[in-house]
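These notes are about the structure you will find just below.
Here is how names work: the chains are called A, B, and so on, in the same order as the sequence lines, proteins then strands, and each is numbered from 1. Since we're looking at a predicted model, the values are computed, not measured.
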Amino acid sequence: MNEIALAVQNVAVAYGEKPVVTDVNMEFPAHQITALIGASGSGKSTLLRSLNRMNDEIATVTGQINFHGVDINRPETNVYRVRQQIGMVFQQPTPFPMSIYENVIYGLRLRGEKDRTVLDQRVEASLKQAALWEEVKDRLQTSAQALSGGQQQRLCIARTLATQPEIILMDEPTSALDPISTNQIEATLAQLKEQFTIIIVTHNMQQASRISDWTAYFEQGKLVEFKPTDQLFMNPSEQRTADYLSGKFG
Amino acid sequence: MQKAEKQDRLATGLILGLAGIAALIVISLVAYLLITGLPHVSWHFLTSSASAFTSGGGIFDQLFNSFYLVILTLAVAVPLALGAAIYLSEYAPQNGWTNALRLAIEVLSSLPSIVIGLFGYLVFVLRWGLDFSLLAGALALTIINLPLLTRACETALQQVPALQRQAGLGLGMPKWQVTLKIVLPQALPGILTGAILSAGRIFGEAAALIYTAGQSTVNVDYTNWNPFAPTSFLNPMRPAETLAVHIWKVNTEGLIPDAAAVSSGAAAVLILTILIFNLSARGLGNYLARRLRK
Amino acid sequence: MENWHTYLTGASKERQQERRGRWLTSLALLVIGALVVTILLFLIAKGVRLFTTGEGKLTEFFFSPTWAPGAGVFGAAPMIVTSLIVTVVAGLIGLPFALAVALAVTEILPPVAKKLLQPVIELLVGIPSVVYGLVGLTVIVPAVRQLVGGTGFGLVAAVGVLYLMIMPTMTSMAIEALQAVPKQQRQASAGLGATRWQTIHRVVLPAARGGILTAMIFGMARAFGEALAVQMVIGNAAIMPTSLQSSAATLTSVLTTGMGNTIMGTAANDALWALALVLLAMSLLFNLGMRLVTKKG
Amino acid sequence: MKKGWLAFLVIVVGLLGWGAWSAHSSGQLKQAKVTNVGSTALQPLAEAAVPGFNQQHPRVNVTIQGGGSGTGLSQVQAGAVDLGSSDVYAEQKKGIDATKLEDHIVAVAGIVPIVNPKLKVNNLTTDQLRRIFTGEITNWQAVGGPDEKITIINRADGSGTRLAFEDLILKGQAPKPAQEQDSNGTVKQIVANTPGAISYVALPYVNSTVKTLTLNGVKATAANIQTNRWPLWSYEHVYLRKNASPAARAFVKYLTSPTVQQTLVPKAHYVSVDEMQVHRDAHGKLSPVKGK
């Protein structure tokens with residue numbers, strides 16, 4: 001097994017009094033794609049959003065989340081730096097109302113990068129990694145909101161890549177897209193894992209089996225099973241996992 | 001479906017009919033004021049000072065004071081209201097206290113201007129020693145406009161989709177940056193509408209100013225650009241009568257024989273002034289929005 | 001290892017910015033809060049003096065129909081009733097018109113209609129009360145005299161003037177509220193085969209309810225607080241109105257009429273501040289009531 | 001953006017601080033600022049006198065504000081302003097200690113009944129006028145006019161003009177509850193626009209939009225007021241505190257000087273104090289002026 005990018009210990013998440021995730025322990029391997037699957041409400045998205053502290057204001061997260069040996073789930077943590085290292089791509093494409101170019105370098109600009117050549121290079125590199133470069137290279141200064149949904153989502157991936165995080169969290173990144181765009185993004189992800197660790201929440205089991213190296217199955221806020229993807233799909237050790245995979249619930 | 005379509009046609013007709021009536025009333029009101037007022041407006045009227053009891057006075061000082069007061073007031077009120085709105089919309093926990101504060105601010109908006117004016121007189125003019133001054137007037141008008149302005153800013157901020165905020169936060173931006181760089185530019189049109197409505201109220205307010213900015217304009221030197229000089233037109237510490245106060249004064253206790261002409265002329269000028277102000281404010285707002293997005 | 005720890009827990013520009021932002025905005029809110037509290041305390045302190053000095057009695061103040069400060073009789077009931085009637089009626093008449101204009105420009109007419117109408121609407125906010133009062137005096141009062149009879153001065157004319165005055169604020173805010181409803185929701189509804197009216201009625205209006213309520217609150221607040229214009233057309237007599245055409249006086253108009261003519265610290269002046277306090281309390285109740293209604297509805 | 005905010009805050013705080021400071025220091029060092037608050041009727045006259053006064057005393061900064069006689073008297077008594085103008089005697093106002101104030105009469109204003117210009121009535125007797133305002137007469141027919149309802153417009157309770165009118169015409173009887181307006185201009189506008197309306201205003205406010213009535217056949221002219229043949233008039237007062245500043249005193253002195261009394265006062269349609277042949281004290285008692 002590879003190096004560990006992120007280790008979760010005894011993590012529980014509650015919205016007010018209502019527990020949503022209970023007692024999760026898992027280790028995300030570096031430079032791999034880990035898929036989190038499970039029914040709606042199983043707590044997988046909630047867990048994902050806790051990993052870079054995006055749940056701070058709406059939920060109470062307890063337990064430890066270790067990143068480079070530092071528990072980032074502590075009050076003294078600098079959440080901005082955590083999020084700069086652990087980026088996030090959302091279900092809905094969220095381009096800002098500005099040009100494609102400005103969208104990609106947005107994070108960099110805020111960190112004070114002013115050198116034009118650095119910015120230009122980063123834009124090109126990020127858009128290439130997100131497999132969008134060829135489609136937009138001639139209209140970088142046009143509005144990002146004029147792009148198609150699939151292009152917008154790849155732009156959002158490029159925007160996250162441009163900040164050069166270690167880990168990218170993806171919350172059902174293709175569920176709002178058409179099959180062709182979905183394919184393009186899946187192809188992109190396979191390329192990206194050489195450089196990044198990817199954790200992806202998906203509803204689509206085929207997608208999980210196609211792209212991920214590891215898969216975790218969640219049910220009712222609990223981690224049921226966490227294994228290399230082919231093992232989980234071919235040979236689940238838990239009956240509940242098997243039922244879910246074969247379409248039987250409960 | 002037949003019935004639904006019929007209903008649709010009926011409702012559309014009703015809405016357009018009511019809207020048409022309202023638009024007609026509004027437009028004829030503006031037209032009435034312009035038609036009765038514009039014949040009295042001349043270059044002399046716009047550029048000379050008011051007279052105490054002879055006819056032929058102008059409104060130059062009042063016109064300038066109105067403008068200046070709008071700018072002073074907005075300079076105080078907009079940052080305050082916007083700051084509070086940002087706190088309420090982005091930071092504040094949604095609990096009873098926050099709601100109570102919102103309610104208190106809103107209730108303030110139904111106080112009659114004269115009460116705010118007297119409060120301003122007793123507190124700003126006397127207690128703080130600001131005397132009858134533009135600044136005291138601006139503070140009183142700030143109180144009058146805060147409720148609507150805060151509310152308009154908050155609504156505008158909340159109209160920006162939550163997804164945009166998440167995307168910013170996901171990039172590791174602090175909330176403050178997300179608010180300034182992503183939310184604010186998108187909320188600007190709404191904020192601007194609020195500010196323009198406020199500017200309108202400032203242009204039109206009289207009762208609150210009688211006791212604060214006062215109703216006389218003395219010794220104004222339009223060549224003195226030092227805002228600290230007592231006679232400078234830019235000095236915020238000088239008393240100043242605005243156009244609305246002048247209209248009020250002329251109609252209530254004015255001694256000039258041409259009161260009706262001055263009043264309707266001033267009203268027409270006021271309307272045109274507000275129109276110009278609003279259009280340029282929108283232009284400036286759009287320009288700012290473009291700048292902020294860079 | 002040690003590096004990561006300092007990096008992930010240490011100070012950064014972002015933290016500073018965040019702290020400053022939070023501080024600045026909470027300061028703004030604090031200033032406003034302090035201002036609001038000061039004004040409220042100021043009004044309460046001034047408003048209760050009439051009763052603490054023993055010059056006026058609470059029961060007389062709220063139930064007596066006679067307002068004669070010169071004679072030491074302070075019955076505010078006529079003004080409370082009048083203020084309430086005038087404001088509510090103006091608001092109820094104004095709302096359908098404001099909504100209709102807002103719906104027409106956001107849902108039905110092409111965008112150019114909004115571009116043309118909005119500046120005109122915003123203009124009206126800036127027309128001074130006195131001018132509204134003069135229009136009322138020269139147009140509305142004679143019209144009422146012709147149509148309803150009597151002198152023309154009274155509740156009807158006051159409602160007419162207030163309707164003119166609160167329309168712009170209400171319309172403008174209603175437009176903002178309707179525009180806040182996401183386009184997708186309208187499309188989704190239209191996609192299900194709903195007619196425009198069904199979409200407006202079932203999707204847009206319910207979604208914009210809060211904003212429309214706010215528009216109504218601010219419109220009526222303006223009506224509550226308006227003095228000069230109302231005073232010129234309502235017949236400004238502090239007597240209990242008996243019909244829609246009878247003369248009356250609102251809290252605000254009595255307050256404004258009397259303020260300059262009374263000596264601070266005397267019962268007559270205290271009584272005016274008591275009126276201001278009543279006005280505040282009524283608008284508070286009103287606000288709460290409307291919130292309750294929309295929450296249920 | 002954030003810098004802008006900060007800069008803004010600094011400016012506001014700075015302005016507030018500086019404002020407070022400058023007001024403080026100017027009050028102590030130069031003693032050359034005079035503020036007059038009060039009677040709106042006197043405001044135009046006082047304002048017009050400022051330029052002439054400044055020729056004599058260029059360094060004195062005079063501010064004339066309205067606010068009403070009540071405000072003028074309260075504020076001068078409280079020491080908040082230097083001068084309080086009023087159209088009633090301080091003695092007539094509850095809550096004012098007249099012994100602490102110094103009365104300066106700067107002008108005399110005639111008060112005249114006005115009616116809608118279309119009304120065919122030109123003269124009333126004092127008795128008829130009283131019975132109209134007490135509600136005994138409600139139709140113009142009773143005083144020889146057309147069959148038309150009388151609409152009474154009264155002045156606000158506490159206004160100087162109303163006080164004078166009640167003292168001189170109603171003689172202690174209570175007026176009928178009626179429409180009340182707090183300014184001469186509004187009263188005039190309502191009378192001009194309402195058929196059958198009657199009210200009264202200060203003489204300087206009369207213009208062609210309303211019709212003035214003669215009282216017992218006497219016209220409201222300056223000459224008739226001077227001799228009290230036209231009995232309906234009142235004083236315009238400026239009150240000083242006993243320890244008023246020299247600058248404030250100088251301004252009041254200028255207002256009562258012949259320069260103002262012989263030019264501005266008649267120009268504003270007031271009657272000069274110097275020309276009055278009778279004097280009326282705070283209790284309404286008339287006495288002849290010596291030497292006239």
Side-chain angles (χ1 to χ4, degrees), chain B residues 50-54 72 75-76 78-80 82-83 117-118 121-122 124-126 128-133 135-136 138-139 176-177 180-181 184 210-211 213-219 227-228 230-231 235-239 241 245 248-260 263 292, chain D residues 1-2 4-5 8-9 11-12 15-16 18-24 26-27 33 35-37 39-51 54 61-68 71 75 78 80-81 181-189 202 204-205 207-209 264 267-270:
Chain B
S51 81
F53 31 72
T54 52
L72 276 180
V76 180
V78 171
L80 264 183
L82 189 57
L118 280 167
Y121 175 68
L122 294 175
F124 305 141
V125 174
L126 297 182
W128 293 11
L130 296 182
D131 274 342
F132 286 95
S133 64
L135 188 60
L139 293 177
W176 177 237
Q177 287 284 346
L180 283 191
K181 305 267 172 171
L184 210 52
I210 293 164
Y211 293 93
Q215 36 181 325
S216 68
T217 294
V218 280
N219 302 336
F228 295 94
T231 58
N235 188 343
M237 299 308 297
R238 69 179 171 88
E241 179 187 33
V245 173
W248 171 83
K249 194 166 94 177
V250 161
N251 273 303
T252 53
E253 301 290 356
L255 282 178
I256 47 175
D258 57 348
S263 158
L292 280 171
Chain D
M1 192 63 197
K2 63 171 194 289
W5 270 71
F8 171 76
L9 215 82
I11 290 171
V12 169
L15 274 177
L16 285 173
W18 165 73
W21 173 81
S22 78
H24 173 76
S26 71
K33 190 163 185 173
T35 304
N36 176 15
V37 165
S39 164
T40 39
L42 193 60
Q43 202 193 345
L45 182 66
E47 225 171 298
V50 173
N54 273 348
N61 196 349
V62 185
T63 309
I64 310 289
Q65 304 296 346
T71 312
Q75 295 308 313
V81 296
Q181 293 297 337
D182 59 353
S183 72
N184 283 301
T186 316
V187 162
K188 189 172 66 187
Q189 259 147 1
Y205 292 91
N207 65 10
S208 59
T209 61
L264 290 177
K267 214 167 144 193
H269 301 283
Y270 284 104

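- If you measure heavy-atom distances from D/Val81 to chain B, the contacts under 4.5 Å come from the side chain alone.
- With contacts defined as side-chain heavy-atom distances shorter than 4.5 Å, the pair B/Leu126/D/Gln75 qualifies.
- Counting heavy-atom pairs under 4.5 Å between each of D/Gly67, D/Pro51, D/Ala41 and chain B puts D/Gly67 at the top.
- Considering only heavy-atom pairs separated by less than 4.5 Å from chain B, the leading option among D/Asn207, D/Ile64, D/Asp182, D/Thr209 is D/Ile64.
- Heavy atoms closer than 4.5 Å to chain B are found nowhere in D/Ser208, neither backbone nor side chain.
- Within the 4.5 Å cutoff, no side-chain heavy atoms of B/Leu255 are placed close to those of D/His269.
- Proximity to chain D (any heavy atom under 4.5 Å) is shown, for B/Phe124, by neither the backbone nor the side chain.
- The nearest pair of heavy atoms linking D/Tyr205 to B/Thr252 is CE2-O, 4.3 Å.
- For D/Thr71, the part lying under 4.5 angstrom from a heavy atom of chain B is the side chain only.
- Counting only distance, with no hydrogens or angles, the side chain of D/Gln65 and the backbone of B/Gln215 share a donor-acceptor pair below 3.5 Å.
- Neither the backbone nor the side chain of D/Gln181 has a heavy atom closer than 4.5 Å to any heavy atom of chain B.
- For the pair B/Lys249/D/Thr40, no side-chain contact is recorded, criterion being any heavy-atom separation below 4.5 Å from C-beta on.
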